[in-house]
Amino acid sequence: MTTQSYVAGYPQQTPAKVAAEFCGVSKRYGPVLALNNVSFRIHRGEMVSLLGANGAGKTTAVKLLLGLAAPNQGTIRIFGENPRSPGAKMRVGAMLQVGKVPETLKVREHIELFSCYYPNPLPLPTIVEKAGIDGLENRPFGELSGGQKQRVLFALAICGDPDLLFLDEPTVGLDVDSRRTFWREIRAFVECGRSVLLTTHYLEEADALADQILVLNCGTIVAEGTPAKIKASVAGKTIRCSTLLSLDQLRAIAGVSSVRAQKGQVEILTSRAEIVLRELLALDATLADIEVVSTGLEEAFLEITRREGAGNQNETKMEEVAL
Amino acid sequence: MNSPANTANIPSATRDATTWEQGKVVRTMKQTLRIYFNEAKAEFLMRLRLPGYVIPTILFPLMFYSLFGLSHSQAALAGTTVGAYLLASYGIFGVIAISLFAFGVGVAVERGQGWMQVKRASPMPRFAYFAAKIAMSMLFSLIMLLLLFTLGIVAGHARMPFTAWVGLSGTLLLGVLPFAAMGLAVGYFAGPNSAAPMCNLIYLPMSFASGLWVPIQFLPKAVQHIAPFLPPYHLSQMALDRIRGGFSTSDWVHIAALNGFTLFFLILAAIGYRRDEGKTYG
């Protein structure tokens with residue numbers, strides 16, 4: 001194994017347990033800083049989810065990990081090696097966001113071609129079973145439905161029996177049923193001790209699959225932890241009402257995590273609806289049109305990343321915002 | 001990490017120890033050759049199933065030869081007959097289309113729509129992608145030439161020694177290379193939608209000005225002066241020398257010119273590749 005020493009501040013750990021490592025990585029595209037000093041590790045047998053809105057830097061991170069682009073700063077290691085080295089590539093599988101692949105080739109031909117790149121590919125029947133593409137082997141790629149195409153791309157990602165799998169928004173455009181089937185397939189893959197990095201903008205997806213979630217916003221990690229921890233920090237209620245209080249006054253109320261004006265009303269996001277509501281009624285005798293609803297996880301998450309971005313306080317951890 | 005994952009990790013770790021030592025790639029020559037072969041096979045099947053590619057590249061040379069080559073096939077022209085002369089012209093016409101479009105449109109589309117990234121993220125040897133396209137272009141060219149030559153012999157009264165046929169075929173097949181390089185340059189600069197019109201904009205005027213549609217000696221003087229700056233002119237002069245038999249000293253000039261064009265287009269493609277790398281497209 002490599003003797004390279006890693007950035008200080010990490011608990012010392014044998015590199016053998018680390019599948020992928022991102023150390024102080026920054027990536028710039030012209031004037032845009034896509035990633036700003038990002039560090040994280042993916043351990044063996046761990047499923048890590050990179051969660052963030054479009055443009056948060058998720059795909060950039062995946063590209064860097066695959067060696068498709070070089071970072072401007074920082075180090076990236078895949079099993080202790082440069083991601084561009086053939087040794088790293090042989091142990092990695094990737095499902096990228098692809099517009100189109102050669103549509104006249106049959107599914108079987110695509111899989112057979114990709115399998116021969118790897119030293120120990122899975123047998124075709126195993127790939128077909130794991131990716132749930134039974135019966136599609138002799139169909140041209142172009143004739144498949146959106147969900148079937150995604151599954152074939154998944155098959156290409158796992159055909160080399162990789163130790164580390166990258167899935168870049170694998171379920172975008174899939175209906176709820178296909179998404180859940182897909183989750184089952186991904187889970188089955190990790191149960192064999194593989195590592196997975198999954199990028200998604202669905203918190204629900206990260207929650208259903210990941211051991212660790214990293215929330216990425218505008219190129220920085222704004223929160224990280226287990227799904228339970230992340231959920232606890234964003235779950236809450238939304239209070240809608242008409243009030244004379246200003247937005248700033250509302251923000252000053254203890255327990256309010258964010259406020260925004262919406263169609264002549266205000267929307268208050270809070271983790272302690274009862275206390276905030278009592279306070280509102282005390283402050284504003286004219287309070288009307290009150291409506292309290294549970295905030296969807298997605299909504300709460302989007303609200304917080306939006307606020308983070310608008311306030312340009314990327315260093316603020318999500319927990320602090322929610323409290 | 002949770003415990004079930006830990007226990008399941010063990011077989012994977014032992015496998016690592018046997019197959020992987022410090023990231024050294026264990027791939028035998030035989031495995032590498034298999035990748036190249038499979039890559040070329042996939043490329044060939046993929047193209048063969050695209051009527052939009054096969055029909056113009058294979059049928060147009062045959063069609064043009066039938067229209068212009070058959071009526072006065074036995075008339076003398078530039079030291080040979082019209083029937084033989086136009087085999088070289090339309091053969092090159094086909095070879096250019098096959099290689100220019102396979103690379104120009106192929107690379108632009110596969111790059112622009114993300115497929116190239118999937119390939120680049122995989123451990124496929126990078127050159128296999130290009131080698132496959134070259135091999136496929138040569139195989140397509142060979143098929144097209146066999147059909148065209150058969151038509152020439154049967155209906156165009158084209159007669160020459162066997163060595164001349166072999167020399168002509170070999171010259172035209174090697175002619176794939178400069179136009180593959182030209183296509184590569186187009187593929188790295190054009191987008192997936194603009195690549196095909198751009199290839200046509202290069203292909204048709206270039207073929208005309210090089211004397212592939214109308215023999216060069218019948219073109220206006222101005223065009224005759226432009227022709228030496230175009231690669232098909234040099235390829236067609238070489239091909240005609242093969243038909244007439246013998247090797248003239250001017251062939252060295254043509255060989256040098258074609259090599260120069262190839263190098264120029266490869267450098268252009270490399271610039272396009274660098275410009276492209278790290279951006280949205282792979």
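Here is how names work: the chains are called A, B, and so on, in the same order as the sequence lines, proteins then strands, and each is numbered from 1. Remember, predicted model here, so these are calculated numbers, not experimental data.
Top candidate by heavy-atom pairs under 4.5 Å with chain B, chosen from L64(A), T59(A), L113(A), V92(A), is L113(A).
Heavy atoms closer than 4.5 Å to chain B are found in the side chain of L96(A), but not in its backbone. Only the side chain of L156(A) comes within less than 4.5 Å of a heavy atom in chain B; its backbone stays farther off.
A 4.5 Å side-chain heavy-atom check between E109(A) and M46(B) finds every atom pair outside the cut-off. Two residues are said to be in side-chain contact when any heavy atoms from C-beta on lie closer than 4.5 Å; L105(A) and L45(B) meet this criterion.
Under the 30°/60° scheme for interplanar angles, the aromatic rings of W115(B) and F114(A) are found to be tilted.
Residue K89(A) holds its NZ atom at 8.5 Å from CE of M124(B), rounded to the nearest 0.5 Å. Separation of atoms CZ (R126(B)) and CZ (R84(A)) is listed at 7.0 Å; rounding is to 0.5 Å.
The minimum heavy-atom distance linking Y117(A) with P123(B) is given by the pair O-CG, 3.8 Å. What you find for K63(A) and Q117(B) is that their closest heavy atoms are CE-NE2, 3.2 Å.
Summarising the local packing, CD of Q73(A) is surrounded by 12 or fewer heavy atoms from other residues, nucleotides or ligands at distances under 6.0 Å.
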Acceptor/donor pairs from residues 94-110 of chain B side chains to any protein atom, 3.5 angstrom cut, sequence neighbours excluded:
{"from": "S99(B)", "atom 1": "OG", "to": "V95(B)", "atom 2": "O", "distance (Å)": "2.7"}
{"from": "E110(B)", "atom 1": "OE1", "to": "Y129(B)", "atom 2": "OH", "distance (Å)": "2.5"}
{"from": "E110(B)", "atom 1": "OE1", "to": "K133(B)", "atom 2": "NZ", "distance (Å)": "2.9"}

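When the heavy atoms of residues 32-43 of chain B are compared with those of chain A, the residues falling under 4.5 Å are R34(B), I35(B), N38(B), E39(B), A42(B), listed by number.
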